Amino acid sequence: MLLHNHIAISPLPLRTTTHRRTAVVSATANFSVSDESLCSRGFTFHRTIDNLNLDHLNSVFVAVGFPRRDPDKIRIALEHTDAMIWIEYEKTRRPVAFARATGDGVFNAIIWDVVVDPSFQGIGLGKAVMERLITELLEKGINNIALYSEPRVLGFYRPLGFLADPDGIRGMVYSRKQKKKK
C-alpha cells in the first residue's frame, strides 16, 4: 500500500531525538488521540531504542502472529531504522504499541512492524503510532511512503491515507525457489 494523500500538519515544532538524528515533530499536529490524553491513561511515547526491552517487544510480535525473532537481529534492524515510535504502558514498563520506518531519508520510506499488544487493541494506540510516524516522515520531506499489510488489516490503513495498488502499481517480492530434492 502507498500513502496517496498528504496528512495536514502544523508548523510548530517539538524537538525529539532519534538514535541517528534529530527529528522535528509537530507539537499540535492533528492527531486523533492527543499525547496528553494517552499520557493521562498511563502511556508514554518513545522514539529511540533506549529503554526498549527487545524480549518484551518480541512478545508483542508473537502475540499478533509474527514469528519469534532473534533479539540480536531485532537490535540490528532497529539500529538501521530511520524513524520509530513505540508506546510504553507505565504500569508494566512494557511496550504495547510499535511501528518503524526505513528508507533513503529523502524520497522513500517503508513502514514495518506495526503492532499493538492484543490486550491494548481497540483504544487508538495503533492509530496513534501510525499518525505520528507518518507525520515525522512527511515533515522530513518523504512523500512516498509504503507498507506491507495482511489483507485482514487493510481497513486499518485506508483511513490513514494508504491505498492498495494505486494507479495499478503492484509490489513484487524476491523469492528464491527451493531446489527439489531427488
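Only this structure's heavy atoms are used, side chains among them; waters, hydrogens and symmetry mates stay out. The shown structure was predicted, so the numbers you read here are calculated from the model rather than taken from an experiment.
Using a 4.0 Å cut-off between charged nitrogen and carboxylate oxygen, Glu136 and Arg132 do not count as a salt-bridge pair.
Contacts of Ser37 classified as side chain to side chain donor-acceptor pair (under 3.5 Å), with partners at least two apart in sequence or in another chain: none. Checked against side-chain contact (heavy atoms from CB on, under 4.5 Å), Asp55 has the following partners two or more places apart in sequence or in another chain: Asn53, Pro71. Checked against salt bridge (charged side-chain N to carboxylate O under 4.0 Å, His left out), Arg152 has the following partners two or more places apart in sequence or in another chain: Glu150. With sequence neighbours excluded, the residues satisfying ring-ring contact (aromatic ring centres under 6.0 Å, His included) with His46 are Trp86. Remark: Tyr89 pairs with Phe43, Phe120 by the ring-ring contact (aromatic ring centres under 6.0 Å, His included) rule, at least two apart or across chains. The ring-ring contact (aromatic ring centres under 6.0 Å, His included) search around Phe156 returns none, not counting sequence neighbours. Every residue meeting the side chain to side chain donor-acceptor pair (under 3.5 Å) condition with Asp104, not counting sequence neighbours, appears here in chain and number order: Asn108.
Every pair passing side-chain hydrogen bond (donor to acceptor under 3.5 Å, both in side chains) that includes a residue from residues 62-76 is listed here, sequence neighbours excluded: Arg69-Asp113. For residues 115-124, the set of pairs meeting the side-chain hydrogen bond (donor to acceptor under 3.5 Å, both in side chains) definition, not counting sequence neighbours, comprises Asp117-Ser119. Counting only residues at least two apart or on different chains, the salt bridge (charged side-chain N to carboxylate O under 4.0 Å, His left out) pairs with a member in residues 85-94 are Glu88-Arg93.
Using a 4.5 Å heavy-atom threshold, the side chains of Leu52 and Pro95 count as touching. Looking at Met130 and Leu125, their side chains never come closer than 4.5 Å, going by heavy atoms from C-beta outward.
Side-chain atoms of His80 come within 3.5 Å of backbone atoms of Ile76 as a donor-acceptor pair (strictly under, hydrogens ignored). Thr48 places a side-chain N or O within donor-acceptor distance of the main-chain N or O of Asp50, the cut-off being under 3.5 Å.
The hydrophobic cluster containing Phe107, built from Ile/Leu/Val/Met/Phe/Trp/Tyr side-chain heavy atoms closer than 4.5 Å, also comprises Val106.
Between Phe61 and Phe66, the angle of the ring planes stays under 30°, which puts this pair in the parallel group of the 30/60° scheme.
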